[in-house]
Amino acid sequence: SIVFEETKPEVVPYFDNLVAKFNASQNEVKVTHDFSSSLIAEFVRGNPPAIDCDNYNLTTSIFVARGVLADLSGLPQAKTIDPNIQALVTQYASYKGETSILPYSVAAEGVIYNMDLFDKVGVSAVPTTWSEFLAVCEKFKSKGITPIYQTYGDTWTTQQGLFDYTAGGMVDVAAFFKQLNAEGTKLGPNSPVSFAKDFTEPCKKMLSLTPYFNANPIAKHYADGNLAFASGQAGMYMQGPWAVGQVLTINPKAKLGTFPLPASDNASETKCRVNLDLAIWLPRAQEPAQRAAAIKFLDYLMQPSILNKYNQDNLAFSPLKDAPPQKSPLVSGLQPYVSSGRFYQGPGTYVPITIPVGNYVQEMMLTGNVNGFTSSMDSAFKRDRKSTRL
């Protein structure tokens with residue numbers, strides 16, 4: 001009898017169904033789905049779940065860095081993961097070269113667009129360069145339609161969308177944060193990297209888009225954006241696939257697609273934002289019988305027929321080598337970028353939760369003060385590294 005933890009609210013029923021099917025398929029292992037516990041609290045109490053499948057992010061990577069997760073490199077499933085996707089794990093943390101995390105689901109994000117409105121203003125193809133993107137914005141503006149809907153009221157929406165897409169398309173994110181963390185408390189004007197040096201131009205580019213946004217975006221929140229976009233009030237929306245479901249609930253007839261924000265005039269440089277929406281890991285300290293049972297359930301979950309179907313059903317991308325392409329037109333425009341490794345984890349996702357990057361982005365968008373943002377970020381990172389050392 002083992003506990004399987006998976007806490008992503010939207011897919012709890014999906015995994016309830018998978019657990020029920022697994023339990024019915026054999027009588028050696030009984031799995032209980034826990035979708036409400038705190039992994040940190042469970043590790044503190046010395047009672048982590050036998051197997052976990054949840055979002056992998058900077059906070060989760062602490063478990064990797066501290067070596068409390070099992071090395072899964074010897075499992076056959078470890079050899080089935082696309083190396084470009086597996087590399088996303090170690091961009092946050094690693095432990096003695098081990099494979100502590102197995103990616104399960106990749107969420108890819110970009111600019112959601114209304115196909116009918118694109119046709120209405122005479123745009124026949126999605127933009128692949130910055131100049132083309134601006135031309136699309138101008139076409140919408142000339143027709144009296146808001147080109148891009150923004151919601152500054154919720155700081156995470158501007159951070160995840162506008163900031164991550166623009167900066168991520170211009171900066172080698174993983175390399176930047178690797179060097180930034182190496183600088184630590186020495187971070188200053190003479191450092192090889194800094195927010196002042198590397199993020200000033202992306203931030204100026206972000207601000208250059210403000211003439212194409214809806215009026216008073218600070219008063220608009222995520223739900224407002226979904227409603228407005230579903231109602232045809234804007235041609236484009238910088239959000240992830242989670243918003244697509246919300247928009248289609250409001251307007252089931254909406255014809256939507258997604259393309260990565262092109263941040264330069266070289267189309268070959270265009271990349272999309274991704275994150276490991278779900279990943280599997282096991283605790284290192286585990287009784288042999290629990291470990292065997294957990295691996296049996298892991299074998300079940302990571303069967304291509306189950307893993308690939310989960311990703312097809314949930315507008316995500318499979319991490320497996322030679323996985324079938326995502327068929328949904330809602331997000332299939334991102335498939336070439338995912339399959340070729342042309343992606344990045346958003347800059348905002350590398351920032352510790354002790355640094356309010358979303359608030360800093362919000363303030364910059366309201367004031368236009370790029371220097372205020374970059375200096376705040378550099379100072380905050382230096383303080384964070386100092387407190388970490390202490």
Side-chain angles (χ1 to χ4, degrees), residues 1-39 41-43 45-56 60 63 69-82 85-86 99-107 241-242 245 248-249 276-328 331:
S1 184
I2 62 170
V3 173
F4 163 64
E5 190 162 307
E6 177 283 315
T7 60
K8 185 180 179 185
E10 312 95 285
V11 294
V12 163
Y14 196 102
F15 279 95
D16 277 343
N17 185 47
L18 287 180
V19 167
K21 287 182 176 178
F22 173 77
N23 286 339
S25 71
Q26 46 76 54
N27 56 14
E28 296 175 4
V29 178
K30 181 181 179 182
V31 177
T32 300
H33 181 192
D34 179 359
F35 52 84
S36 60
S37 295
S38 164
L39 192 63
E42 289 167 325
F43 267 104
R45 292 194 300 265
N47 187 35
I51 178 171
D52 197 305
C53 184
D54 271 308
N55 178 250
Y56 178 72
T60 312
F63 296 105
L69 303 183
D71 182 10
L72 305 179
S73 59
L75 297 181
Q77 290 84 358
K79 299 174 177 61
T80 67
I81 305 296
D82 181 332
I85 294 173
Q86 187 66 52
T99 301
S100 309
I101 302 286
L102 293 182
Y104 195 83
S105 177
V106 179
W242 46 84
L248 291 177
T249 297
L276 292 183
D277 203 40
L278 290 177
I280 290 180
W281 59 91
L282 279 62
R284 186 181 296 275
Q286 200 169 30
E287 294 293 331
Q290 290 274 302
R291 172 63 52 82
I295 290 178
K296 187 177 179 68
F297 186 52
L298 182 151
D299 290 343
Y300 173 79
L301 287 179
M302 293 201 68
Q303 293 177 83
S305 59
I306 290 177
L307 186 154
N308 290 336
K309 186 176 189 304
Y310 168 83
N311 285 288
Q312 290 287 348
D313 291 349
N314 290 280
L315 300 181
F317 296 83
S318 169
L320 300 182
K321 298 174 184 175
D322 303 317
Q326 172 56 256
K327 298 174 183 176
S328 172
V331 293

task: Determine the minimum heavy-atom distance between Gln326 and Val331, stating which atoms define it.
output: CG-CG2, 3.5 Å
Minimum heavy-atom distance between Cys53 and Ile280, given as atom pair plus value: SG-CG1, 3.8 Å
- prompt: With a 4.5 Å heavy-atom cut-off, do Phe317 and Ile85 have their side chains touching?
  reply: no
field: Criterion side-chain contact (heavy atoms from CB on, under 4.5 Å) on Leu320 and Ile81, from CA distance to verdict
entry: CA-CA 5 Å; Leu320 300 182; Ile81 305 296; 4.0 Å; yes
- request: Can you label the angle between the Phe15 ring and the Phe4 ring as parallel, tilted or perpendicular, going by 30° and 60°?
  value: tilted
Partners passing side-chain hydrogen bond (donor to acceptor under 3.5 Å, both in side chains) against Ser318 (at least two apart in sequence or in another chain): Asn308
message: Donor-acceptor check, side chain of Gln312 to backbone of Pro325, threshold 3.5 angstrom: yes or no?
response: yes
field: Leu298 side, atom CG; Gln303 side, atom CD - distance, nearest 0.5 Å
entry: 10.5 Å
Closest non-hydrogen atom pair between Leu315 and Ser328, with its separation: CD2-OG, 3.4 Å
- line: side-chain contact (heavy atoms from CB on, under 4.5 Å) filter on Thr99, not counting sequence neighbours, yields Asp71, Ser73, Gln86, Leu102
- line: Output for pair (Thr60 OG1, Trp281 CH2), nearest 0.5 Å, gives 5.0 Å
query: Within the distance-only criterion (no hydrogens, no angle test), does the side chain of Asp34 pair as donor or acceptor with the backbone N or O of Ser36 below 3.5 angstrom?
result: yes
message: Testing the basics here: between Ser38 and Glu5, what is the closest heavy-atom pair and its distance to 0.1 Å?
response: C-OE2, 4.3 Å
message: If the condition is side-chain hydrogen bond (donor to acceptor under 3.5 Å, both in side chains), which residues does Asn314 pass it with, not counting sequence neighbours?
response: none
- request: Measure the shortest side-chain to side-chain distance between Pro319 and Asp82 over non-hydrogen atoms and say whether it is less than 4.5 angstrom.
  value: no
- line: Residues passing the side-chain contact (heavy atoms from CB on, under 4.5 Å) test with Asn23, sequence neighbours excluded, are Val19, Gln26, Lys30, Val31
query: Going by the side-chain hydrogen bond (donor to acceptor under 3.5 Å, both in side chains) test, which pairs reach into residues 6-15, not counting sequence neighbours?
result: Glu6-His33, Thr7-Asp54, Lys8-Asp277, Tyr14-Asp313
query: Who pairs with Lys321 by side-chain contact (heavy atoms from CB on, under 4.5 Å), at least two apart in sequence or on another chain?
result: Pro83
statement: By ring-ring contact (aromatic ring centres under 6.0 Å, His included), Tyr56 pairs with (sequence neighbours left out) Tyr92
- request: With sequence neighbours left out, write down each residue that passes ring-ring contact (aromatic ring centres under 6.0 Å, His included) with Tyr300, or none if nothing qualifies.
  value: Phe22
- prompt: Just by distance, do the side chain of Tyr104 and the backbone of Leu301 share a donor-acceptor pair under 3.5 Å?
  reply: yes
Pairs flagged by side-chain hydrogen bond (donor to acceptor under 3.5 Å, both in side chains) wherever residues 282-292 is involved - sequence neighbours left out: Glu98-Arg284, Gln286-Arg291
Listed partners of Phe63 passing ring-ring contact (aromatic ring centres under 6.0 Å, His included), at least two apart: Phe43
query: What pair of heavy atoms forms the shortest contact from Gly46 to Pro48, and how long is it?
result: C-CD, 3.4 Å
- request: Please name all residues satisfying side-chain contact (heavy atoms from CB on, under 4.5 Å) with Ala316, sequence neighbours left out, ordered by chain then number.
  value: Ser105, Asn311
field: Verdict with reasoning, Ile306 to Lys309, per side-chain contact (heavy atoms from CB on, under 4.5 Å)
entry: CA-CA 5 Å; Ile306 290 177; Lys309 186 176 189 304; 6.0 Å; no
Pairing residues for Asp299 by the side-chain hydrogen bond (donor to acceptor under 3.5 Å, both in side chains) criterion, not counting sequence neighbours: Gln77
field: Verdict with reasoning, Ile295 to Leu282, per side-chain contact (heavy atoms from CB on, under 4.5 Å)
entry: CA-CA 9 Å; Ile295 290 178; Leu282 279 62; 4.1 Å; yes
task: Grab the two heavy atoms, one from Pro103 and one from Met302, that are nearest each other, plus how far apart they are.
output: O-CE, 4.1 Å
message: One pair to check against side-chain contact (heavy atoms from CB on, under 4.5 Å): Val106 and Leu276. What are the steps and the verdict?
response: CA-CA 5 Å; Val106 179; Leu276 292 183; 4.0 Å; yes
query: If you draw a 6.0 Å radius around NZ in Lys79, do more than 12 non-hydrogen atoms from other residues or ligands fall strictly inside?
result: yes
